[in-house]
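Order of the sequence lines sets the chain letters (A, B, ...), proteins ahead of strands, with each chain counted from 1.
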There are 2 protein chains.
Amino acid sequence: MSCQESFFRELRERGLRLTPQRELVLSVLHEMEGLAGAEEIYRRVQALSTAVDISTVYRTLDLLQEFGVVAVVDGADGQRRYELTAGRTPHVHLVCSRCGAVISADQAPVRGLADTLRAAYGFELDLKRISLSGLCPACR
Amino acid sequence: MSCQESFFRELRERGLRLTPQRELVLSVLHEMEGLAGAEEIYRRVQALSTAVDISTVYRTLDLLQEFGVVAVVDGADGQRRYELTAGRTPHVHLVCSRCGAVISADQAPVRGLADTLRAAYGFELDLKRISLSGLCPACR
DNA sequence: ATGCCTGCAAACCGTTTGCATCCAC
DNA sequence: GTGGATGCAAACGGTTTGCAGGCAT
């Protein structure tokens, strides 16, 4: 079942509607690799259809986050960035606090941490929303 | 050597000045436990002296961050939070994405992760700026 | 026909900035 | 006296919201 189809189904289950705008946002997310802010997603959507408002992009991204199909990362610059998770290799983001570069890292070592935190604090780590600040190899 | 003294010395080394406002912000940070946003720090400073502007608080917090005496956490709500690190047990923050509760967790398990990331990606994790999103025991 | 969605525009809010003045050195 | 620091107020930028109209169901 394609991603669009499961999206449609999830919408119907909640009594929500499949609109052209929502399809556009989802297809733009598909074409992207790596994280993108709402502004960039908006620009790419507009390239396909000019009559989409940025507030609709925000509302759709909220929806997709609720559905768990996008990962959300709150950048140190105050911008929120998004990335499709469905059908992709799970990974975490290493963000360089000096140059802003983003490295996609294997999720495995973080899963170990998640286990530890669950055992020690009863805290359920959200692997979809992890970004780690630090210095990339170039900036070290 | 007290924290105030080392702060003073660090300022002088850079040709900067020790002002009453900077002392106030630092003393408020001392009295706090846990994270606090600029707005709350501002309020506490005003309780001591009404004639301090919030822009000064922001400028001072930037300075303290540069000096490495405060830890900075970018919250999912878009607010930046601060906490004194000098003379305190190192820890990381577990932030509940539902209720906003913050748990202070031992840094040890994260240090293991830091070693792994350094070895695998050459990425130097900034332990002072780590906050992990997830669900607290109550919200699970 | 119903009520969910949209575009538009304005509000929001934490943070930053420009500038004249002030004061720590 | 000098140049960094402050207060004030305005700007900024990403995000949210209210509302009237539109369209998927």
Undergrad: Taking atom types as they are modelled, would you say the side chain of R80(B) forms a donor-acceptor pair with the base of dG14(C) within the 3.5 Å cutoff?
TA: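 Checked by distance alone, the answer is no.
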
Undergrad: Thinking salt bridges, do R59(A) and D62(A) make one under a 4.0 Å N-O criterion?
TA: no

Undergrad: Could you tell me how far apart L18(B) (CG) and dT6(D) (C1') are, to the nearest whole angstrom?
TA: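 Spelled out: CG on L18(B) to C1' on dT6(D) is 14 Å.
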
Undergrad: The side chain of R22(A) is closest to which nucleotide in this list: dG7(D), dC5(C), dT16(C)?
TA: dC5(C)

Undergrad: Round to the nearest Å and state the distance from F8(B) atom CZ to dA24(C) atom P.
TA: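 My rounded result for the distance is 12 Å.
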
Undergrad: Looking across every strand, which nucleic acid part, if any, lies under 4.0 Å from R59(A) by heavy atom: base, sugar-phosphate, or nothing?
TA: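 Result for R59(A) = base.
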
Undergrad: Check whether the side chain of R17(A) and the base of dC4(C) form a donor-acceptor pair under 3.5 Å.
TA: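 Result: at least one qualifying N/O pair found.
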
Undergrad: Whole Å only: how far is the CG atom of L11(B) from the P atom of dT6(D)?
TA: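 It is 10 Å, rounded to the nearest whole Å.
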
Undergrad: I want to confirm an ordering. Mapping E39(B) and L16(B) to their closest nucleotides on DNA chain C, which one lands closer to the 5' end?
TA: E39(B)

Undergrad: When the nearest nucleotide of DNA chain C is assigned to Q79(B) and to L63(A) on a heavy-atom basis, which residue is associated with the more 5' position?
TA: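 Result of the comparison: L63(A).
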
Undergrad: Let me spell it out: for each of G78(A) and R12(A), pick the nucleotide of DNA chain D with the closest heavy atom. Which residue's pick is nearer the 5' end?
TA: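 Between the two, 5'-proximity favours G78(A).
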
Undergrad: Between L64(A) and V25(A), is the side-chain contact (heavy atoms from CB on, under 4.5 Å) condition met? List the steps.
TA: CA-CA 10 Å; L64(A) 292 171; V25(A) 171; 4.2 Å; yes

Undergrad: Between R14(B) and E10(B), is there a side-chain N and carboxylate O pair less than 4.0 Å apart?
TA: yes

Undergrad: Taking any heavy-atom pair under 4.0 Å as a contact, classify Y42(B): base, sugar-phosphate, or nothing.
TA: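 If one applies the 4.0 Å heavy-atom cut-off, Y42(B) turns out to touch nothing in the nucleic acid.
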
Undergrad: How long is the line joining CD of Q46(A) and C1' of dG7(C), in whole Å?
TA: 12 Å

Undergrad: It should be established whether S55(A) places a side-chain nitrogen or oxygen under 4.0 Å from OP1 or OP2 of nucleotide dA9(C).
TA: no

Undergrad: Are any of the side-chain nitrogens in E40(A) or R44(A) under 4.0 Å away from the carboxylate oxygens of its partner?
TA: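 Salt bridge flag = yes for R44(A) with E40(A).
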
Undergrad: How close or far is atom P of dT16(D) from atom CG of L61(A), stated in whole angstroms?
TA: 10 Å

Undergrad: Looking at every strand, decide which applies to I54(A) at a 4.0 Å heavy-atom threshold: base, sugar-phosphate, or nothing.
TA: nothing

Undergrad: Could you tell me the separation between the CG atom of D53(A) and the P atom of dT6(C), rounded to a whole number of Å?
TA: 10 Å

Undergrad: Tell me the interatomic distance from R14(B), atom CZ, to dC25(C), atom C1', rounded to whole angstroms.
TA: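 These atoms are roughly 18 Å apart.
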
Undergrad: Is Y58(B) near enough to dT15(C) that one of its side-chain N or O atoms lies under 4.0 angstrom from OP1 or OP2?
TA: yes

Undergrad: Given atom CG of L24(A) and atom C1' of dT6(C), what is their separation to the nearest angstrom?
TA: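 Those two atoms, CG and C1', are 13 Å apart.
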
Undergrad: Hey, does the side chain of T56(A) come within less than 4.0 Å of dC5(C)'s phosphate (OP1/OP2), counting only N and O?
TA: no

Undergrad: Applying a strict under-4.5 Å side-chain criterion to I, L, V, M, F, W and Y, I'd like to know whether V70(B) and I130(B) cluster together.
TA: no

Undergrad: Report yes or no: does T85(B) contribute a side-chain atom to a donor-acceptor pair with the main-chain N or O of V69(B) at less than 3.5 Å?
TA: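 It does hold such a pair.
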
Undergrad: Does dC23(C) have its OP1 or OP2 closer than 4.0 Å to a side-chain nitrogen or oxygen of Q21(B)?
TA: no

